[in-house]
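To keep things clear, I will list the structure first and then write my remarks on it.
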Amino acid sequence: MNDFIFSFRLRNTYQVNSILYSLRQLPFVKKILPQSLYSNRGLKILGNIISILLEIASIFVGKFLYITLMIATIASISKTNSANWFIHIFVFLTFVGALLNTQMFNPTKDKYYALVLMKMDAKRYTLTNYLYFLLKMIIGFLPFTIYFGLKLKVPLITCLTMPFLVASCKLIYSAICLYKFTKEEKIINENLPTPLVWSLVAIFLLLGYGLPFLGIVMNELIYSGIFLFTLTLAGVAIYQIVRFNQYGRIYKSLLKKDVVIFNTKEATQKTTQKTVLNQIDSEVMVTSNKTGYAYLNEIFTKRHRKILTESAKKIAIIALFIIVAIILVTLFSEKFRPVINQVMLTYLPYFLFIMYFINRGTVVTQAMFMNCDHSMLSYRFYRQPKAILSLFKERLKTLIKINLIPTTVIAIGLPLILLVSGGTNDPLNYLFLAITIFAMSIFFSVHYLVMYYLLQPYNVNLEMKSMSYSIISFLTYIVCYMGMDIHLPTVLFGTVMTLFSIIYVVIALILVYFYAPKTFKIRP
């Protein structure tokens, strides 16, 4: 208990200091808060209160969003068999979570501080914090498995056991990783999944989401068998995890400075250099017929196509695969046709959240700063209003084109799905399905680029320093998430969304014209 309390206090101190630093990055607030805020008792108390609230939120908020978005919303599509859909998807996503979120093999800063700098006992630290992680997992999942499970008519006993299934799967996989280390001396890094892990994740996702649409779902009896089997294996896993005595060796290798990224100039620059080399197609001769900043932008885009256009193409391929799968299910399953038809006609706001995720705005602006603006903003000519606005215009065209790659697939696919699922008496529904998707894509393209130019969040060491940027990004996520609860006719929502996008684009471009020359600079 003493080890856990000490490690918790250490982690909390680090988090409180991070909160105080973030508060000082807010506009106007940084002028009020003194440089000595880290030693101010009142601010420390405020930081501790916020830290506790964040810790409580971390227990529940993520689980709520996970079950709502990934499971309950999908399961509710089935009007007659939603309980089994909920169980089926939950089980396979639990397998995915066990592979990707172990906690034990996640090299974090608080572990580095505790085990490397403070020389804490590796085994006691690992076991106490892992137990805390599992308890948070169970407590966080329990109210939502009960609420959403009962809402979809899942038996209460099944709802109560679901969080323990999650904990059991994580215990089993952690024990497997420890056993593999004992036999093969191979260390698992949670942040660097192996090709085998990614393959298993893809298989579980396909089974979890694909089989229900084919009419194949897990019932309560099969779930009970899986639960009892994993619970038994979890007992064996606990024994192995407790008796394992080589945690020190694992973390000695796992918690190296080149693995745990620190906010230091030297470490960040080394990481950036590796990133730049991997992202630039230096061996390919790229040319352009354009001049000025249009030339610079085109050369940049061609040399960074690995993270710009190619990632968009991969998303387009995945979107095409999903659309084709839905069309096939619709053609061969009559009972799903009215459900899918209804989704196309009233659930268009849901795609606002989907377009939020597939948009490449964040990736593109990060690449722009890391591999171009990071160096160029040190020159005065690059910060002149004419130069900023000229390059902004070229970049906006590029970002829109990149986002249109997956957008076009979706915009064509949705009217086709509507057509094969029974169609509609109003031809405008087909038109607005496509137009609205394009409007969303253009909106997000403009939104992220304008945010980048007005709130440029990075400093010379590539650290995120803008609290305003983080807050607006979070609010964007919240608005898109809340949009999923809006059920409006396609034509009505499409009209509103298109008009909003046009107005937003006009206002955003005006703001860039007047303010970007002042705000587009490297942060101190």
key: Backbone of Gly494 reached by a side-chain donor or acceptor of Thr498 within 3.5 Å   = yes
ask   = Do Val166 and Phe90 come close enough that some side-chain heavy atom pair is under 4.5 Å?
value = yes
query = If you count the non-hydrogen atoms of other residues, nucleotides and ligands that lie under 6.0 Å from CZ in Phe381, is the total more than 12?
reply = yes
task = Could you tell me the separation between the CZ atom of Phe369 and the OH atom of Tyr452, rounded to the nearest 0.5 Å?
result = 6.0 Å
note = Taken to the nearest 0.5 Å, the spacing of Leu449 CG from Leu454 CG works out to 9.5 Å
request  = Decide yes or no on side-chain contact (heavy atoms from CB on, under 4.5 Å) for Ile203 and Leu206, but give the supporting numbers first.
outcome  = CA-CA 5 Å; Ile203 292 171; Leu206 190 61; 5.8 Å; no
request  = For side-chain contact (heavy atoms from CB on, under 4.5 Å), just list the numbers for Lys170 and Thr102, CA-CA rounded to whole Å, side-chain angles, deciding distance to a tenth of an Å, and then say yes or no.
outcome  = CA-CA 6 Å; Lys170 292 185 183 298; Thr102 61; over 6 Å; no
ask   = With under 30° as parallel and over 60° as perpendicular, where do the rings of His447 and Phe444 fit, or are they tilted in between?
value = perpendicular
Qualifying side-chain hydrogen bond (donor to acceptor under 3.5 Å, both in side chains) pairs, either residue in residues 396-405, two or more places apart = Asn297-Thr398, Asn403-Ser445
query = Side chains of Met70 and Ile89: does their closest heavy-atom pair fall under 4.5 Å?
reply = no
key: Trace of the side-chain contact (heavy atoms from CB on, under 4.5 Å) decision for Thr436 with Phe351   = CA-CA 9 Å; Thr436 307; Phe351 285 89; over 6 Å; no
query = Knowing that exactly one of Leu418, Leu488, Val491 qualifies, which makes a side-chain contact (heavy atoms from CB on, under 4.5 Å) with Leu345?
reply = Leu418
key: Side chain to side chain, Phe321 and Ile326, heavy atoms closer than 4.5 Å   = no
key: Distance (rounded to the nearest 0.5 Å) between Leu348 CG and Asn429 CG   = 9.5 Å
request  = With side-chain contact (heavy atoms from CB on, under 4.5 Å) as the test, would you mind laying out the steps for Phe92 and Leu205 before giving the verdict?
outcome  = CA-CA 7 Å; Phe92 281 102; Leu205 287 175; over 6 Å; no
ask   = Just wondering, do Phe438 and Thr408 contact through their side chains at under 4.5 Å, heavy atoms?
value = yes
ask   = Is any side-chain heavy atom of Tyr209 closer than 4.5 Å to a side-chain heavy atom of Leu93?
value = yes
message = With salt bridge (charged side-chain N to carboxylate O under 4.0 Å, His left out) as the rule and sequence neighbours excluded, what pairs involving residues 359-377 come up?
response = Asp373-Arg395
task = Output the distance between atom CD1 (Ile354) and atom CG (Asn359), rounded to the nearest 0.5 Å.
result = 13.5 Å
inquiry  = Can you confirm whether Lys313 is buried at NZ, in the sense that more than 12 heavy atoms of other residues, nucleotides or ligands lie under 6.0 Å from that atom?
reply    = no
task = Using atom types as modelled and distance alone, determine if a side-chain donor or acceptor of Lys63 lies under 3.5 Å from a backbone N or O of Met137.
result = no
ask   = Is the backbone N or O of Tyr453 less than 3.5 Å from a side-chain atom of Thr519, with the two atoms forming a donor-acceptor pair by type?
value = yes
Ile410 versus Ala319, closest heavy-atom pair with distance = CG1-CB, 4.1 Å
query = Would you find a donor on one side and an acceptor on the other, under 3.5 Å apart, between the side chain of Ser390 and the backbone of Tyr293?
reply = no
key: Over all atoms of both residues, closest heavy-atom pair of Leu414 and Met344   = O-SD, 3.8 Å
remark   = Residues Tyr130 and Ser174: closest non-hydrogen pair is OH-OG, 2.8 Å
request  = Evaluate the side-chain proximity of Met440 to Ser501: yes if any heavy-atom separation is below 4.5 Å, no if none is.
outcome  = no
ask   = Pairs in or reaching into residues 488-504: which pass salt bridge (charged side-chain N to carboxylate O under 4.0 Å, His left out), with residues at least two apart or in two chains?
value = none
inquiry  = Quick check: do Cys372 and Tyr382 have side-chain heavy atoms less than 4.5 Å from each other?
reply    = yes
key: Taking every non-hydrogen atom, the tightest pair across Tyr66 and Thr94   = OH-N, 4.1 Å
inquiry  = Surrounding CZ of Phe474 (heavy atoms of other residues, nucleotides or ligands, distance under 6.0 Å), is the total greater than 12?
reply    = no
note = Closest non-hydrogen atoms of Glu298 and Lys290, given as atom of the first, atom of the second and distance, are OE1-CD, 3.1 Å
query = Out of Phe60, Phe144, Tyr477, which residue meets the side-chain contact (heavy atoms from CB on, under 4.5 Å) rule with Leu65?
reply = Tyr477
query = What's the spacing between Phe95 CZ and Leu207 CG if we round to 0.5 Å?
reply = 10.0 Å
key: Contact check, side chains of Tyr379 and Gln384, non-hydrogen atoms, under 4.5 Å   = no
inquiry  = Between Thr365 (side chain only) and Thr362 (backbone N and O only), is there a donor and an acceptor less than 3.5 Å apart?
reply    = yes
inquiry  = Please find the pair of heavy atoms, one from Ala316 and one from Pro406, that lie closest to each other, and give the distance.
reply    = CB-CA, 3.7 Å
inquiry  = Rounded at 0.5 Å granularity, tell me how far CG in Leu404 sits from CG in Leu399.
reply    = 9.5 Å
task = If the plane angle is over 60° it's perpendicular, under 30° parallel, otherwise tilted; pick one for Phe500 and Phe443.
result = tilted
